[in-house]
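First the proteins, then the strands, lettered A, B, ... as listed; each starts at 1.
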Protein chains: 2
Amino acid sequence: MNGSSLVKSESREAVLRAAQQLNYVPHAAARALITGRSRTIAVVLPDMHGEFFSELIRELDQCAHAHGQNLLVTSLHGDLAEVKQVLGLIHGQVDGVILMVPFNDARARLAPLLMTVPTVLLNAPGPINGCPAVTVDNAGGARQVVRHFLSMGYRNMVHIAGPSGNFDASERARGFRAAVKEAGLPVNRDIPGDYSERAGYLAGQLIASRSKRPRAIFAANDNMAVGCLEALTEAGVRVPEDIAVAGFDDIPIVRFTQPPLTSVHPPIAQQGVEAFEWLVKAVNRKPGEPPPSGPRERPLPTTLIVRGSTDRRAPARPSAQTDR
Amino acid sequence: MNGSSLVKSESREAVLRAAQQLNYVPHAAARALITGRSRTIAVVLPDMHGEFFSELIRELDQCAHAHGQNLLVTSLHGDLAEVKQVLGLIHGQVDGVILMVPFNDARARLAPLLMTVPTVLLNAPGPINGCPAVTVDNAGGARQVVRHFLSMGYRNMVHIAGPSGNFDASERARGFRAAVKEAGLPVNRDIPGDYSERAGYLAGQLIASRSKRPRAIFAANDNMAVGCLEALTEAGVRVPEDIAVAGFDDIPIVRFTQPPLTSVHPPIAQQGVEAFEWLVKAVNRKPGEPPPSGPRERPLPTTLIVRGSTDRRAPARPSAQTDR
DNA sequence: GTCCTAGGTGTAAACGTTTACAAGTCAGTT
DNA sequence: AACTGACTTGTAAACGTTTACACCTAGGAC
């Protein structure tokens, strides 16, 4: 017995010593079978691209270590229907699930599937079946960008939208629109996009070709902002003197673009912690107890990082001397 | 019985239908206990930073899906001794292990621990206890850089080394030295580094301050190359006109530095596939059979990506129109 | 009609733990 | 010396599957 119970301390020591010698390690499956605990958390992501994924995993790995848990990572290669299959595959092998579902229709499509295992949703449009959702304040981030634009005197702004159906993207668009309207400015029609660098590039070309250009551009993610920046530069448009550009996500490369890109930094690490902590609580609660209170209802705040693409005076990229 | 055996097809159908209705899912732990197979592979990495980690995970996730396996991801937070603990935690929960151990002394320190579970080593200095090692041709990559430098007419080269004790780093240094020597050129002493951007920055400052500057710099990784580039630029050294700079890893940001950085592209995806394929074979073999032949003994070849930091004439960064 | 065979079905053991419980030991108290 | 109590130790059931095996049924051959 590796736990603690009612054995004399010396006999326990003897057992442990023997175990050491025989190279004995308890069999996880047998243990999981009888205890009903696998000490493992599943992380299910819609895809494994971008910095979001790696930073999240990194953070969750930290949490897992701290709680003595293992991390089972998997991605949804196909449809959301695959969630069912994944949850099945995972049953009995996992105590809880962290599920990222950044889709507007997540509720309708997931509701029938969630109930077997304690689950935390990431970037979902809201709690589903009592599973809490840990979200980022996308709208707030967009608002920060608009406020920054206003403070710089940029009044004619346009948004390059993310893929329709994506919850984060529509929140960013919504926040942008609301903030512009609140400022009493006319709202330009969004330029459609799909988060790809190429979409941003095309959007940039489109904007550069217009006779009436906006003063500032807010792209729904950094990928598109980078593509847009490139198109503008190629077209001879000066950034930020002629047009300012801001993105969302604060991915590593934005420090290196010419000029460096202003971007909204999402609280990914914090998200990971909140999701994990709640999950651990939910998994460990006794059958009688009520589910733990949600991991703060409100979305987690973002941070605006101002760089040269919106403000010429922004401090140069922090040199390697001090960075990190 | 979900497998196939000797039941009439209609009774099987009936069973499956009932299972569907009752929302039955087999219990993974119980199944693992009796079959001795968990359909899960562990991935153990020394740390979760950098692009290497995310690309590898992404690739392994693909492989895992293709083979109907799950992926248990964990990192070594402390010493290599933690490997033992990790392998213990994992016993019975995992059929095989992909273990990254880029340390020169891996053999000595790991040999006593490896034998319980089929294991593939990643970037290890060689096979250990019959566990094959899937490695990158670091020395070959360094050689490619030197050959490129020579073709550009750069004859006075210096290497910014990676952390001592790191296998990849020492292989890169070795390959560099060998190639320079083969070319009949004198070998400059390496500038010490630790893979950090700051170390590269300091190295760059050091080089810029020397009276006799080298014509070309090969940094052991891109991080350092980026830092070095920054220091050189700050010091008023023109790249590549005065000094050329090349890195290793081909991380995403090197496309965006000023000028874009020449770098050695490692075959990470291929590594993942080879490691996984071998592991699956090893796990599925019958007790009698011999272990499958190693996943090609020789290290996987790298690709040199020439950019503006070593060759002014290099094509500009492929535009977003065509990239990806 | 009996026997054999083939194909299908039900039963029970086993996987390696945990945990509850019964049984045992020993010292201290009356 | 016997009883009580506090500890310790051994035993057995249970977790949810798989798999081997014995059993049963039906159909064909002699």
(request) Would you kindly give the NE2-to-P distance between H27(B) and dT17(C), to the nearest whole Å? (result) 16 Å
(request) Please determine, for the side chain of L33(A), which listed nucleotide (dG16(D), dT18(C), dT17(C)) has the closest atom? (result) dG16(D)
(message) How many whole angstroms separate atom NE2 of H91(A) from atom C1' of dT17(D)?
(response) 11 Å
(message) I'd like to check the side-chain hydrogen bond (donor to acceptor under 3.5 Å, both in side chains) partners of R109(B); sequence neighbours left out, ordered by chain and number.
(response) D79(B), D105(B)
(request) Evaluate the criterion side-chain contact (heavy atoms from CB on, under 4.5 Å) for residue pair F52(A) and Q271(A); output intermediate values, then yes/no. (result) CA-CA 11 Å; F52(A) 181 89; Q271(A) 247 191 310; 3.7 Å; yes
(request) Just report the end-to-end axis angle for the helix from dG1(C)-dC30(D) to dT30(C)-dA1(D), five pairs per end, to 10 degrees. (result) 70°
(message) Walk me through whether L121(A) and C131(A) qualify under side-chain contact (heavy atoms from CB on, under 4.5 Å).
(response) CA-CA 7 Å; L121(A) 273 18; C131(A) 302; 4.2 Å; yes
(message) Under a 3.5 Å threshold, yes or no: a donor from one side chain and an acceptor from the other, between Q93(B) and T40(B)?
(response) no
(request) Please state how far atom CD1 in I34(B) lies from atom C1' in dT18(D), giving the value in whole angstrom units. (result) 5 Å
(message) If the cut-off is 4.0 Å, is R31(B) near the phosphate of dG16(D), judged by side-chain N/O to OP1 or OP2?
(response) no
(request) May I ask you to check whether S75(B) and D61(A) show a side-chain donor-acceptor distance below 3.5 Å? (result) yes
(message) Closest approach to the side chain of A30(B), judged atom by atom: which nucleotide of dG16(D), dT18(C), dT18(D) is it?
(response) dG16(D)
(message) So, using side-chain contact (heavy atoms from CB on, under 4.5 Å) as the criterion, who are the partners of E59(A) when residues are at least two apart?
(response) A269(A), V273(A)
(request) Starting from C1' on dG16(C), measure out to CZ on R37(B) and report it in whole angstrom. (result) 17 Å
